[in-house]
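Since we're looking at a predicted model, the values are computed, not measured.
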Amino acid sequence: MADEKKLTSRSEDFSAWYNELVQRAELADYSPTRGSMVIRPWGYGIWELMQRALDDMFKETGHENAYFPLLIPMSFIEREKDHIEGFAPELAVVTQGGGKELEEPYAIRPTSETIIYSMYAKWVQSYRDLPVLMNQWANVMRWEMRTRLFLRTAEFLWQEGHTAHATADEAKEETLLILGIYRTFMEEWMGMPPLTGLKTESEKFAGAVSTYTLEALMQDNKALQAGTSHFLGQNFARQFDLKFQSEEGQEEYAWNTSWGVSTRLVGGLVMTHGDDDGLVLPPRLAPAQVVIVPILRGDDGPVLEKVDEVAARLKEAGVRVRIDARENLSPGAKYYEWERKGVPYRVEIGPRDLEKGSVALARRLTPEGAKRKEFVPEDQAIAEMPGRLEAFQRELGTAALARRDAATVRGVESLEELEEALDGGAGFVFTGWNGDPAVETMVQERTKATPRLIPGDEFRSSEAPTKCVSGEGSSVAEVAWARAY
RNA sequence: CGGGGUGUGGCUCAGUCCGGUAGAGCGCUGCGUUCGGGUCGCAGAGGUCCCCGGUUCGAAUCCGGGCACCCCGACCA
């Protein structure tokens, strides 16, 4: 049997590596409920840090949290035609309550546009009531045929923002504001730089006028849709009678947006930074940024005292610290465990350090050519820790960006070339597109790649493509293709 | 829903072909030892062998039926 202590390597089997890592880093586990997972404290701790960062950004831009029901009357879901068409196959429906058949079945929310805009309709009368800027943190359910921990489960956690505006322009602006917030979060907190842009018609949200997406590249060069922000136009407002009286006294339908990111981001984090030893956490999202391992022998009192003192001083410096003083494990066993869990820095304190007034520092990722451990005077280690964590954070983001750019191929002009690039290990491949959905199908059938997005200004190629990748017709939009999760 | 595979201590699995007292490693508990990269020793706990039926003196093993899960494909935050 293979060495059970080691993970399957990424190069050997990326998918097995991911599954093993998620379980062995104690992020999540399979549950008795088919398709649903248990998020364990270490994984939930990461999610909580994500929530906090995002929630702060939403609040700073004027959004408030609220909570709407888990169960949505079926008739609501059915009201918007594209919406029900898109979601029907993945609905879970409650037909009984209190032992009796219900008069009207309820859908377990796959998303909450319908129930939320029906309530907005009640609350909004005048342009003075707009905009409405709400967000909810909630669980949703989409019945999936095949599930993977964090990446696709039947039930998942997310936030869904829902806004209503007096004008189309204002709603569009909101959609882009959120896109920017998501991007900042992914870059600066997760160190996972996404491409941003528009979804094609066939890939957009069921019921939206347009969908902006953030697509990140994983280490296996597959793309992950990491977040979406939708301009809903008046589609839902019309169906739910969300009207207001304008400044001019006209009755008008409001303009909506909705946007969300989910616990899928945790999976993205794993696949962006993890290595063959386990998880690697960007410090800003690490439930513990530093773990302190005491080296015990004989008279442990002074060592443990020093450990407590160093922990207190690090906390004071704003560092999240955990002490691992378990007696039944050797220090080495603890090192492996915390490395598997992705803690950015480890501090070791033993009798020798007490004598010298130093501590041993080990970084989760050792720079090329550097020693695995450095012995640093205690005061210096504490003083430097916040800066070291920041540097680690930046390094992860820079490396991820470099990987993405190295895996990006532009200017591809034919199907052959596209297929060749993808098979040659490319991530995102940019081509021209004539706007015909048939080309999307053709490309997917041939290469397994889908159009991830029509790149926004910043990600467009410097020279706009002229030909469609299909060889038929001229290009009306550039598309970034990738095989995706 | 098609194609393939697997169900045996908590986990990973051997045993099944060829029926005869249910095993190993890891983990767990206790005691001791060790502790600067997965300590070591001794003692111990832990099993409806997926379920139902059949064959047999006797079934984890053979036969019939069912269920569950995993992998690969068609749908997807």
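For the segment residues 260-272 of chain A, residues with any heavy atom less than 4.0 angstrom from an atom of RNA chain B are, sorted by number, A:S262, A:R264. Within residues 348-359 of chain A, the residues approached by RNA chain B to less than 4.0 Å at the level of any non-hydrogen atom are A:E348, A:G350, A:P351, A:R352, A:D353, in residue-number order.
Between the side chains of A:T257 and A:T175, no donor N or O sits under 3.5 Å from an acceptor N or O. In the model, A:E160 has no side-chain atom that pairs as donor or acceptor with a side-chain atom of A:S258 under 3.5 Å. Residues A:E440 and A:S202 bring a donor and an acceptor atom of their side chains to less than 3.5 Å of each other. Checked by atom type, the side-chain pair A:T111/A:R109 shows no donor-acceptor distance below 3.5 Å. Side-chain N/O atoms of A:H63 and A:E174 include a donor and acceptor closer than 3.5 Å. Residues A:W259 and A:N135 have side chains that never bring a donor and an acceptor to within less than 3.5 angstrom of each other. Using modelled atom types, one finds a donor on one side chain and an acceptor on the other under 3.5 Å when comparing A:Q136 with A:S112.
The interatomic distance linking A:E144 (CD) with B:rC70 (P) rounds to 14 Å, in whole Å. At whole-Å resolution of the value, NZ in A:K204 and P in B:rA77 are 14 Å apart. Rounding to whole angstrom units, CD of residue A:E155 and P of B:rA77 are separated by 18 Å. In this entry the distance linking CG of A:N328 with C1' of B:rU29 reads 12 Å, nearest Å. Atom C1' of nucleotide B:rG36 and atom NZ of A:K371 are separated by 15 Å, given to the nearest angstrom. Per the geometry, CG belonging to A:L361 stands 16 Å off C1' belonging to B:rG37, to the nearest Å. Rounded to an integer number of Å, the gap from CG of A:L179 to P of B:rA77 is 16 Å. Atoms CD (A:Q23) and C1' (B:rU12) sit 12 Å apart, rounded to a whole Å.
Contact annotation for A:R326: no contact, since no heavy-atom pair falls under 4.0 Å across all strands. Within the 4.0 angstrom heavy-atom criterion, base atoms lie near A:R340. If you check every strand for non-hydrogen atoms under 4.0 Å, A:K334 touches nothing.
Between A:W47 and A:W137, the ring centre distance stays below 6.0 Å. Note: A:F76 and A:F240 meet the aromatic proximity criterion, with ring centroids under 6.0 Å apart.
In a base pair of the Watson-Crick type (N1 to N3 plus N6-O4 or O6-N4) or a G-U wobble (N1-O2 and O6-N3), with each distance short of 3.5 Å, B:rG73 is matched with B:rC1. In this structure B:rC67 sits in a base pair with B:rG7, meeting the Watson-Crick or G-U test at under 3.5 Å. B:rG27 makes up no base pair with any nucleotide shown, lacking Watson-Crick or G-U wobble contacts both under 3.5 Å. Searching all strands for a Watson-Crick or G-U wobble partner of B:rC57 with both distances below 3.5 Å returns B:rG20.
Distance check on atom P: B:rC17 versus B:rG64 gives 14 Å, rounded to whole Å. Comparing B:rC52 with B:rG9, their P atoms sit 16 Å apart, to the nearest whole Å. Of the C1' atoms belonging to B:rG38 and B:rG44, the separation is 24 Å, rounded to the nearest Å. Taking the P atom of each, B:rU16 and B:rG54 are spaced 26 Å apart, rounded to whole Å. Between B:rG19 and B:rA24, the distance separating the two P atoms is 24 Å to the nearest Å. Nucleotides B:rC11 and B:rC72 have their P atoms positioned 22 Å apart, rounded to a whole Å. Here the separation of B:rU48 from B:rG23, taken at their P atoms, is 15 Å to the nearest Å. Comparing B:rA22 with B:rG15, their C1' atoms sit 9 Å apart, to the nearest whole Å.
Between A:L422 and A:R483, some side-chain heavy-atom pair lies under the 4.5 Å cut-off.
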Nucleotide N/O to protein N/O under 3.5 Å, stretch nucleotides 71-74 of chain B:
from	atom 1	to	atom 2	distance (Å)
B:rC72	OP2	A:R146	NH2	2.0

Please write out each protein N/O paired with an N/O of nucleotides 31-35 of chain B under 3.5 Å, distance rounded to 0.1 Å.
from	atom 1	to	atom 2	distance (Å)
B:rC35	O2'	A:L296	O	3.2
B:rC35	N1	A:L296	O	3.3

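Just one residue in the list A:E348, A:R340, A:R346 forms a side chain to side chain donor-acceptor pair (under 3.5 Å) with A:Y335, and that residue is A:E348.
Using a 30° and 60° split on the angle between ring planes, A:H162 and A:Y117 fall in the perpendicular class, above 60°.
Aromatic stacking of A:Y335 on B:rG37: not satisfied for centres closer than 5.5 Å together with planes under 30 degrees.
Nearest-nucleotide assignment on RNA chain B puts the 5′-proximal partner with A:F375, out of A:Q444 and A:F375.
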For residues 300-308 of chain A, run the donor-acceptor check on the side chains, cut-off 3.5 Å, and write out each pair with its distance to 0.1 Å, sequence neighbours left out.
from	atom 1	to	atom 2	distance (Å)
A:D300	OD1	A:R297	N	3.2
A:K306	NZ	A:E309	OE1	3.2
A:K306	NZ	A:E378	OE1	3.0
A:K306	NZ	A:E378	OE2	3.4

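Counting distance only, with no hydrogens placed and no angle test, the side-chain atoms of A:E339 and the base atoms of B:rG38 include no donor-acceptor pair under 3.5 Å. Contact annotation: side chain of A:R346 to base of B:rG36, donor-acceptor pair absent below 3.5 Å.
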Would A:R403 and A:Q219 satisfy side-chain hydrogen bond (donor to acceptor under 3.5 Å, both in side chains), going step by step from the backbone distance to the final call?
CA-CA 8 Å; A:R403 275 197 304 274; A:Q219 290 184 67; 4.8 Å; no
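Nearest heavy atoms, A:W42 versus A:A288: CH2-N, 3.7 Å.
Among pairs with a residue in residues 349-359 of chain A, those fulfilling side chain to side chain donor-acceptor pair (under 3.5 Å) read A:D353-A:S358, at least two apart in sequence or across chains.
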